[in-house]
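Input: a single structure, listed below in structure tokens.
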Number of protein chains: 2
Amino acid sequence: MKLLIVEDEKELSKSIVAYLKQENYLCEIAPDFKTALDKTESFDYDCVLLDITLPDGNGLNVLKGLKADNKTDGVIIISAKNSIDDRIAGLNLGADDYLAKPFHLSELSARIAAVIRRRRFDGNKVLVLNELTIDTLAKTVSVNGKGVDLTRKEYDLLLYLVSNKNRVVSKNAIAEHLSGDEADVFDNFDFIYAHMKNLKKKMVQAGCEDYIKSIYGMGYKFDI
Amino acid sequence: MKLLIVEDEKELSKSIVAYLKQENYLCEIAPDFKTALDKTESFDYDCVLLDITLPDGNGLNVLKGLKADNKTDGVIIISAKNSIDDRIAGLNLGADDYLAKPFHLSELSARIAAVIRRRRFDGNKVLVLNELTIDTLAKTVSVNGKGVDLTRKEYDLLLYLVSNKNRVVSKNAIAEHLSGDEADVFDNFDFIYAHMKNLKKKMVQAGCEDYIKSIYGMGYKFDI
DNA sequence: GCATTTATTCAGAATCCCTTCAGAATTGTA
DNA sequence: TACAATTCTGAAGGGATTCTGAATAAATGC
């Protein structure tokens with residue numbers, strides 16, 4: 001899962017990233033709105049944390065732009081002001097949640113998880129796909145009730161495929177969702193091949209039907 | 001353990017928080033029902049203290065909403081009225097306990113502990129997990145009937161893992177749970193490694209299966 | 001206030017797994 | 001069929017992560 005943190009206070013964004021990294025999120029930082037729009041333009045983040053009180057403009061306009069583009073990104077507004085009006089304005093413009101500073105990082109993390117669940121999995125915490133069960137809260141995967149041990153990348157990969165089930169996802173999209181650093185990914189999908197192979201092997205060994213289909217020249221599809 | 005205190009009287013909520021912090025609870029305050037619903041939406045608290053006589057609505061409706069969402073939170077109603085009817089209404093709507101103002105903080109604390117125990121462990125004060133037995137009242141642990149001496153932190157750690165059994169818990173969550181205040185704990189999980197090592201060693205030495213699994217890059221899981 | 005236990009920090013060791021690579025297999029095209 | 005492009009496979013290096021034992025700091029109990 002990839003997040004964009006739009007925040008100018010370096011200290012804050014740093015500790016946010018440190019915390020969320022532990023929670024297995026890939027994070028990028030935009031210190032101002034311009035950078036933020038730039039980044040969201042070229043990539044669909046799973047969730048954007050938006051501080052609406054940055055020096056270079058009105059955050060609510062940025063939010064409007066984000067939502068107008070029909071982006072799939074979830075947005076959580078972070079604000080120093082906790083006025084009801086601001087809150088309502090933000091949520092009316094399509095924000096998925098609102099969090100007043102200061103906040104506990106654990107609460108931020110919980111809300112991010114909630115937003116992503118809502119947007120990607122209809123709010124379901126546990127995904128059941130025939131014999132395959134993915135518990136996104138427990139971060140466990142099981143086939144016919146028996147646990148399957150996956151590494152983080154394998155788990156992330158599976159979750160990404162499932163969240164796009166019955167759709168072809170390109171290797172570019174996969175690469176961007178799995179790799180921390182932006183860019184440099186193109187031209188080398190070897191790591192995807194490797195993870196894909198290991199994931200498929202583990203799933204099949206666990207007795208799961210091989211739902212992951214490789215579509216030559218296009219990408220992959222979780223076919224169910 | 002994380003609590004939500006829904007209360008508009010600042011003085012009262014402050015002293016409640018001060019007291020409960022001493023008891024190692026993490027507390028958040030919601031001064032009105034709207035905030036309360038917001039917070040419970042995205043986070044499962046161990047227990048919610050709900051003053052049902054706030055300006056912005058009917059607390060019993062809030063309670064109803066809380067329980068309708070199938071939240072796992074325990075709820076203790078706090079009320080200035082001590083009529084039998086109110087009490088019955090509250091408990092009928094699924095509240096776990098009812099406390100009339102004014103109350104002693106020590107009594108509040110005791111009831112919170114009771115509610116959490118009841119909800120977490122289905123009312124069991126003694127947890128039995130195969131050869132492992134944990135008495136949450138006496139705070140003692142035994143394996144095959146023979147006592148195991150754990151330090152306070154080790155006990156807390158074990159109980160936390162057990163209360164999240166079969167789930168992966170992040171080091172962030174563990175750190176928060178063990179250290180109480182959310183300080184700059186991240187970036188240094190050495191103390192977790194140390195406690196974990198000592199706990200595991202003691203358990204295994206006592207003849208307990210090593211249920212605590214380390215999940216590389218994700219956290220730990222009490223796998224049973 | 002002192003002795004003892006407990007909690008945390010530290011550095012080096014051990015482990016895991018992510019990525020890369022080279023060669024093989026598969027698919028699509030001519 | 002032959003060839004090129006793409007994908008798969010197994011193995012290995014190296015970086016990140018976790019473990020360990022010991023030292024230091026803090027807390028507890030007498």
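Worth knowing before you read on, the calculation uses all heavy atoms, side chains too, and leaves out hydrogens, waters and symmetry mates. Each chain gets a letter, A, B and so on, in the order the sequences are listed, and its residues count up from 1.
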Quiz item: Over its full length, what angle do the end axes of the helix from dG1(C)-dC30(D) to dA30(C)-dT1(D) make, each axis taken from five pairs and the result rounded to 10 degrees?
Solution: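 It works out to 40° between the end axes.
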Quiz prompt | Electrostatic pair D96(A)-R119(A), nearest N-O below 4.0 angstrom | solution =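 Salt bridge: yes.
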Quiz prompt | NZ/NE/NH1/NH2 to OD/OE distance under 4.0 Å, D51(A) and K101(A) | solution =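 Yes.
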In whole Å, I'd like the distance from the [atom1] atom of [X] to the [atom2] atom of [N].
X	N	atom1	atom2	value
N198(A)	dA11(D)	CG	P	12 Å
H177(A)	dC18(C)	NE2	P	18 Å
N24(A)	dA16(D)	CG	P	16 Å
N172(A)	dT6(D)	CG	C1'	15 Å
K213(A)	dT26(C)	NZ	C1'	17 Å
L178(B)	dT6(C)	CG	P	16 Å

Quiz item: Looking at V115(B) and G74(B), what are the two nearest heavy atoms and their distance?
Solution: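 For V115(B) and G74(B), the tightest heavy-atom pair comes out as CG1-CA, 4.0 Å.
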Practice problem: State, to 0.1 Å, how close L132(B) and C208(B) come at their nearest heavy-atom pair, and which atoms those are. | Solution: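 That closest heavy-atom pairing would be CB-SG, 4.1 Å.
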Practice problem: Report yes or no: does K171(A) contribute a side-chain atom to a donor-acceptor pair with the main-chain N or O of Y220(A) at less than 3.5 Å? | Solution: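 No, K171(A) side chain to Y220(A) backbone: no donor-acceptor pair under 3.5 Å.
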Quiz item: Which letter, B, S or -, goes with each nucleotide of nucleotides 18-30 of chain D from 5' to 3', with contact meaning a protein heavy atom under 4.0 Å?
Solution: BBBB------S--
Practice problem: Take D223(B) and Y211(B) through the test side chain to side chain contact (heavy atoms under 4.5 Å, CB included) and record every step on the way to the result. | Solution: CA-CA 5 Å; D223(B) 219 348; Y211(B) 294 114; 5.5 Å; no
Quiz item: OP1 or OP2 of dT20(C) less than 4.0 angstrom from a side-chain nitrogen or oxygen of N188(A), does that happen here?
Solution: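 Indeed, a polar side-chain atom of N188(A) lies that close.
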Quiz item: Think T151(A) has a side-chain N or O under 4.0 angstrom from the OP1 or OP2 of dC18(C)?
Solution: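 So the side chain of T151(A) is within the cut-off, an N or O lying under 4.0 Å from OP1 or OP2 of dC18(C).
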Quiz item: Using a distance-only test with no angle check, is there a side-chain donor-acceptor pair under 3.5 angstrom linking N24(A) and Y155(A)?
Solution: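 Judged by distance alone, the side chains do not pair up.
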Exercise. Hey, which sits more toward the 5' end of DNA chain C by its nearest nucleotide, E154(A) or H195(B)?
Key: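 It is H195(B), whose closest nucleotide lies nearer the 5' terminus.
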Quiz item: Take atom CG in D149(B); do more than 12 heavy atoms of anything else shown fall under 6.0 Å from it?
Solution: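 12 or below, so no.
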Quiz item: Is the ring centre of Y45(A) less than 6.0 Å from the ring centre of F43(A)?
Solution: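 Y45(A) vs F43(A): aromatic centres under 6.0 Å.
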